[in-house]
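Shown next, in structure tokens, is the structure this report addresses.
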Amino acid sequence: MKPRFTALKGVADVLPPETGLWRKIENTACLVMGAYGYEEIRPPVMEQTGLFLRSIGGSSDIVAKEMYTFTDKGERSVSLRPEGTASIVRAYVEHNLSSRPAPQKFFYSGPMFRYERPQKGRQRQFYQLGAECFGIADPGVDAEMIIMLMAFLDRLGLKGLSLELNSIGCKECRPAFRERLREFFAPRLGELCPDCQRRYEQNPLRILDCKVERCGEIRKGSPLISETLCQDCREHFTALLEFLDVMGTAYVFNPHMVRGLDYYTRTVFEVKGGACMGAQNAVAAGGRYDLLVSEFGGPETPAIGFAAGMERLAGLLQGEAVTPGPALFIASLGKEAAVEALKLASRLREGGTRVELGWGGFSLKSQLRRADKIGAGNVVIIGEDELKSGSFKWKNLKDGSSGEAGREDIFAQFSQAK
Ligand code: ATP
Ligand code: MG
């Protein structure tokens, strides 16, 4: 028995025609973000483990239980990236990108790794497309990024998405909120799930994010960060909402949203899909992280970013996944004809026309059946007679029209077909 391998649990192949959707998503992102001045950055997929511990934080689910961490042959602790921001901040500091004029704007896309329970919309290797903007604290930058994200989703043709926003304060006002939360949860600490009991000590904000039903019950009526924001944070958030209002960007203020990573400050946001997505309905999420660059030894640099989940975006576009057939199929009989077909195809392909050839020495009938099956727009037939006469038969499989033409006319006829 030969071994038969399958992909790992929670790790999927992306196959055509779905890859076409992925390409469309990436191309659209490139186009929209390009107009906003974002340039692509390609960080590595693995980093020193410490980078994620320090940025995402020990109280987050990602660091507590989801990291793919291993010791390499040089005895270093290495982790596969669970998200993109940490690497980009590391690159920003490492390459001294703060010396370039602010704001510095980057986008990225690629695989992320989290050891989560695989289910619809949740995988262990998944892909994110994200953007980061460094150097400006102005709430206009928050608005601009959110508007860009919504423009990207809109350009993809996605409808019925909702944008939720909150501010989670800064290093001035958050400590007081943490204490208020501790006071609120203290009497019922024993009823919280074990994770939340740990969170109570490390970072009680995380309790607000817990998916366990019982914890959801207990946190009803808990203090809201919006009640404890300092003056600066309050003004920043109000200004953001005003920008969105004047731009007509619809949003929902969600005072309960805290997000799952420790590095966020002030603005946090999420874009959710409709009910069709089930429980895993966040397509994109992000926020401000004004302290992270300096945390990694860079100059004090306000920053903001978001990441969108490719699988979830592709899932919403699913119905559109079709590979169009070739513009032309050239059936040929005999070696000489095959060479003629190959030459004609090469010339047409140079101009971008998609051409398939009837390789395999099959009968004309079976070649034509194949052309039909793959949805070819046209066929050209080259047999012995055609070679002799220099005149090839063609047929349009969509409208049934047909005719005969010399090599150059055939080339001209199909050189514009895509
Ligand atoms: P969720 O609440 O859905 O777990 P999250 O807060 O962990 O999301 P982020 O870390 O903010 O997600 O990542 C941004 C986006 O990446 C999410 O909105 C989602 O679309 C996607 N994403 C996150 N984790 C996964 C996963 N395991 N599989 C597929 N997509 C994911
Ligand atoms: Mg998660």
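Start at 1 and go down the list; that is how both ligands and their atoms are numbered. For clarity, every value in this text was computed on a predicted model and none was experimentally measured.
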Mind running salt bridge (charged side-chain N to carboxylate O under 4.0 Å, His left out) on E83 and R81 for me, showing each step along the way? CA-CA 5 Å; E83 57 107 49; R81 64 181 183 192; over 6 Å; no
Using a 4.0 Å heavy-atom cut-off, say whether Q128 meets ligand 1 through its side chain, its backbone, both or neither. side chain
Can you tell whether the side chains of R214 and E217 come within less than 4.0 Å, N to carboxylate O? no
Counting non-hydrogen protein atoms only, what is the nearest one to atom 21 (C) of ligand 1? Give residue, atom name and distance. G309 CA, 3.7 Å
Side-chain donor-acceptor pair under 3.5 Å between D262 and S59, yes or no? yes
Just to verify, which of I147, L153, I146 counts as forming a side chain to side chain contact (heavy atoms under 4.5 Å, CB included) with L149? L153
Charged N to carboxylate O below 4.0 Å: is that the case for E26 and K24? no
Numbered atoms of ligand 1 (with element) below 4.0 Å of A285, judged on heavy atoms: 11 (O)
One thing to verify: whether E350 and R347 come together as a salt bridge, which I'm taking to mean a side-chain N less than 4.0 angstrom from a carboxylate O. no
I'd like to know if atom 8 (O) of ligand 1 has any protein heavy atom within a distance of less than 4.0 Å. no
Report, in ascending order of atom number, the atoms of ligand 1 lying under 4.0 Å from any heavy atom of A307. 14 (C), 15 (C)
Considering only heavy atoms, does M112 approach ligand 1 within less than 4.0 Å through its side chain, its backbone, both, or neither? neither
With the threshold set at under 4.0 angstrom, would you say E83 reaches ligand 1 through any of its heavy atoms? no
The single option from V339, L357, V355, I330 passing side chain to side chain contact (heavy atoms under 4.5 Å, CB included) against L344: I330
Please report whether ligand 1 has a polar contact with E311, defined as an N or O pair separated by less than 3.5 Å (distance criterion only). no
For V283, counting its heavy atoms only, list the atoms of ligand 1 lying under 4.0 Å from any of them. 18 (O), 20 (O)
Neighbour count above 12 (heavy atom, 6.0 Å) for E40 CD: yes
Which of the ligand 1 atoms, numbered from 1, are nearer than 4.0 Å to a heavy atom of R259: 6 (O), 9 (P), 11 (O)
Answer yes or no: does an N/O atom from A282 fall short of 3.5 Å to an N/O atom of ligand 1? yes
Residue part near ligand 1, for E116, under 4.0 Å between non-hydrogen atoms: side chain
Backbone or side-chain N or O of E270 under 3.5 Å from ligand 1 N or O: no
